[in-house]
Amino acid sequence: MGEKLRILFMGTPDFACATLRALCESDTCVVGVVTQPDKPKGRGYTLMPPPVKVYAEEQGLPVYQPTTLKAGTEDGDAFAETLRELDPTLIVVVAYGKILPAYVLEYPSLGCVNVHGSLLPAYRGAAPMQRAIIDGCSETGITTMYMAAGLDTGDMLLKRVVPIGENDNFEDIHDRMAEVGAALLLETLEGLAAGTIVPQPQDDALATYAAKIEREDCLLDFSRPAREVHNRIRGLSPIPLSSAAMPNGKRVKIIASMVADEVTPHERVGEILSIDAVGEGRVEIACAVGSIYALRLLPEGKGRMTAADFIRGRRVEAGDIWG
RNA sequence: CGCGGGGUAGAGCAGUUCGGUAGCUCGUCGGGCUCAUAACCCGGAGGUCGUGAGGUUCAAAUCCCACCCCCGCAA
């Protein structure tokens, strides 16, 4: 890796931190970090810095948080100026959260490299990992690419497959992928420097999109097969979590589940078929075909608990209908 | 001051409306039954009811006041 590499890092959530850390620990020079502005989050709308900012500040890196990059706006023009001052030879983007305008994409002599959480051209877009799990994929992966104007359409550099176990949840995959992404980025930079990587254009005909997770994606539908319900639960766990309504009108989120049965058809979809408070416990819920065991749950207004604790709190009886 | 729920034995909860010295389901410890058991039976330990030697009262987990902490939603 060239000593003269001047890297500008752009990223926002936890997922991006692993790659930033890898860069910081390598012999490259990170000249600056661009991330989203602090946003009011949590109870009482406390202003919270994005994870990347927290890490970057720990490392003593200069942090920039423009509200927009668009040329012609106050922040955008200020950023353009910053860009010239930092004068990066390469920009690395990982889940930054904003579209990069042409002047940014064209600035670095070595281009803009993006780390994306899917095997492109599948699952372009905002939530590739969650969507892959929800869709029941048995594998996904990381793709590094040069950035182009379109949404995740650039020429691909390196790919690395990551298997998805049938009970892996979003957190499992996220953490694994963050590490793989970090490692693959370093390999990509080495490969580019050595000239051993041949950029490959994506076949747009095979492209699929992973839309960001909306509220509606988090509603469980027991009129689906058990496997599908289970995939949705784990794809959205531990955040934002998927939920169902109980007879009392309150909602329960299901944190962890497993498929109990995949063949038996059920008329009363969402019915609690059985409850078992032994050990960690389990609550069996009927799906259109088959059933699932809810293993850990989160009642509205409460904290996370095991199925056994949930049952002891008298929150469920066999025969209840959830939906 | 974004909205709402809550702090009672190791865990999850009830009791607070109509104040009267604490209960349920588990866990735990001991014993019994059983070929055996996460099943069943008997018995026990374990709680200053978030904090304030606050207020009201003959009496507060229950009413009033202040503070601390936790959680869900929404972003």
Side-chain angles (χ1 to χ4, degrees), chain A residues 11-17 34-54 63 65-69 75 95-99 125-127 129-131 134 169-171 174 210-221 229 232-258 260-261 270 272-285 291-320 322-323:
Chain A
T12 301
D14 258 341
F15 184 75
C17 287
V34 181
T35 190
Q36 297 274 9
D38 293 6
K39 284 183 182 162
K41 284 185 188 297
R43 271 163 239 128
Y45 286 101
T46 319
L47 218 51
M48 297 291 287
V52 161
K53 177 184 182 180
V54 175
V63 174
Q65 301 177 280
T67 56
T68 176
L69 302 178
D75 265 33
Y96 171 52
K98 285 189 195 303
I99 300 291
M129 295 182 272
Q130 294 94 321
R131 296 289 176 192
I134 290 171
N169 67 16
F170 172 56
E171 183 175 44
H174 170 280
K212 85 175 193 195
I213 303 297
E214 303 288 354
R215 191 167 233 301
E216 193 171 282
D217 293 309
C218 302
L219 304 178
L220 289 174
D221 179 4
V229 174
R232 181 163 300 270
I233 290 169
R234 66 201 177 96
L236 299 175
S237 179
I239 43 162
L241 252 24
S242 49
S243 70
M246 294 190 284
N248 65 9
K250 298 203 171 186
R251 300 198 70 86
V252 227
K253 293 188 168 189
I254 301 180
I255 297 163
S257 59
M258 60 182 281
D261 163 51
I272 303 306
L273 296 175
S274 67
I275 59 177
D276 182 353
V278 173
E280 299 278 281
R282 57 197 195 186
V283 174
E284 185 182 11
I285 308 168
S291 59
I292 62 160
Y293 289 132
L295 302 176
R296 276 183 292 135
L297 308 100
L298 173 64
E300 190 176 313
K302 288 293 186 175
R304 299 171 183 232
M305 61 183 73
T306 61
D309 281 343
F310 185 84
I311 292 164
R312 279 184 207 113
R314 302 293 158 69
R315 293 195 178 85
V316 62
E317 296 290 341
D320 286 355
W322 287 8

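The sequence lines fix the lettering, A, B, ..., with proteins before strands; numbering per chain opens at 1. None of these values were measured; they are calculated from a predicted model.
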key: side-chain N/O R43(A) vs rC73(B) OP1/OP2, d < 4.0 Å   = no
query = Among the nucleotides rA75(B), rC24(B), rG6(B), which one has an atom lying closest to any side-chain atom of Y45(A)?
reply = rA75(B)
request  = Write down the distance separating the C1' atoms in rU25(B) and rU8(B), rounded off to the nearest Å.
outcome  = 15 Å
message = Measure CD/E214(A) against C1'/rA75(B) and give the value in whole Å, please.
response = 13 Å
ask   = Which heavy atom in G11(A) sits nearest to a heavy atom in A16(A), and how many Å separate them?
value = CA-CB, 4.0 Å
key: Atom pair distance, as rounded to whole Å: CD in E300(A) and P in rC13(B)   = 14 Å
ask   = Is there a Watson-Crick or G-U wobble partner for rG2(B) with both distances under 3.5 Å, and which nucleotide is it?
value = rC73(B)
ask   = Quick one: do D217(A) and R131(A) make a salt bridge, cutoff under 4.0 Å?
value = yes
request  = Would you confirm whether Q130(A), through its side chain, and L236(A), through its main-chain N or O, come within 3.5 Å as a donor-acceptor pair?
outcome  = no
message = Using atom P in both nucleotides, what's the gap between rC26(B) and rA39(B) to the nearest angstrom?
response = 9 Å
remark   = When K302(A) and A277(A) are each assigned the nearest nucleotide of RNA chain B, the 5'-most assignment goes to A277(A)
Touch class at under 4.0 angstrom, heavy-atom based, for G279(A) against every strand present = nothing
request  = Provide, to the nearest angstrom, the distance between the CG atom belonging to D309(A) and the P atom belonging to rC24(B).
outcome  = 18 Å
task = Between I311(A) and G44(A), just flag the one whose closest nucleotide in RNA chain B comes earlier from the 5' side.
result = G44(A)
message = Give me the distance, rounded to whole Å, that separates rC58(B) from rU21(B) when you measure between the C1' atoms they each carry.
response = 14 Å
task = Mind calculating the distance between CE (M305(A)) and C1' (rG12(B)) to the nearest angstrom?
result = 6 Å
request  = Return the nearest nucleotide to the side chain of R314(A); candidates are rG12(B), rG4(B), rU25(B).
outcome  = rU25(B)
Separation of rC13(B) P from M246(A) CE (nearest whole Å) = 11 Å
ask   = Between I134(A) and G235(A), what is the shortest heavy-atom contact and its length?
value = CG1-CA, 4.1 Å
request  = Write down the distance separating the C1' atoms in rC49(B) and rA22(B), rounded off to the nearest Å.
outcome  = 8 Å
remark   = rC40(B) -> Watson-Crick or G-U wobble partner, both distances under 3.5 Å, gives rG32(B)
ask   = Once you round it to whole Å, what is the distance between C1' of rG5(B) and CG of L298(A)?
value = 12 Å
ask   = Considering only the P atoms, how many Å lie between rC13(B) and rG5(B), rounded to the nearest integer?
value = 16 Å
ask   = Taking the side chain of R312(A) as heavy atoms from C-beta outward, which of rG4(B), rC13(B), rU25(B) is closest to it?
value = rU25(B)
key: Pairwise P distance for rU16(B) and rG50(B), with rounding to whole Å   = 15 Å
task = Using a cut-off of 6.0 Å, state whether more than 12 heavy atoms not belonging to L219(A) lie near its atom CG.
result = yes
ask   = Does rU48(B) pair with anything, Watson-Crick or G-U wobble, both distances under 3.5 Å, and if so, with which nucleotide?
value = none
query = In whole Å, what is the span from the NZ atom of K250(A) to the C1' atom of rG4(B)?
reply = 10 Å
inquiry  = Need one value for R251(A): base, sugar-phosphate or nothing, where a base atom within 4.0 Å counts as base even if backbone is also close, heavy atoms only.
reply    = nothing
key: C1'-based separation of rA9(B) from rC29(B) [nearest Å]   = 14 Å
task = Could you check how far CD1 of I275(A) sits from C1' of rU25(B), rounded to whole Å?
result = 11 Å
query = Within the structure shown, what part of the strands sits under 4.0 Å from K41(A) by heavy-atom distance: base, sugar-phosphate, or nothing?
reply = base
request  = Name the pairing partner of rA22(B), where a pair is Watson-Crick or G-U wobble with both distances under 3.5 Å, or state none.
outcome  = none
remark   = When every non-hydrogen atom of Y96(A) is compared with those of Q36(A), the smallest separation belongs to O-NE2, 3.2 Å
ask   = Expressed as a whole number of Å, how far does the P atom of rC67(B) sit from that of rG72(B)?
value = 24 Å
request  = Show your reasoning for whether side-chain contact (heavy atoms from CB on, under 4.5 Å) applies to V229(A) and D221(A).
outcome  = CA-CA 7 Å; V229(A) 174; D221(A) 179 4; over 6 Å; no
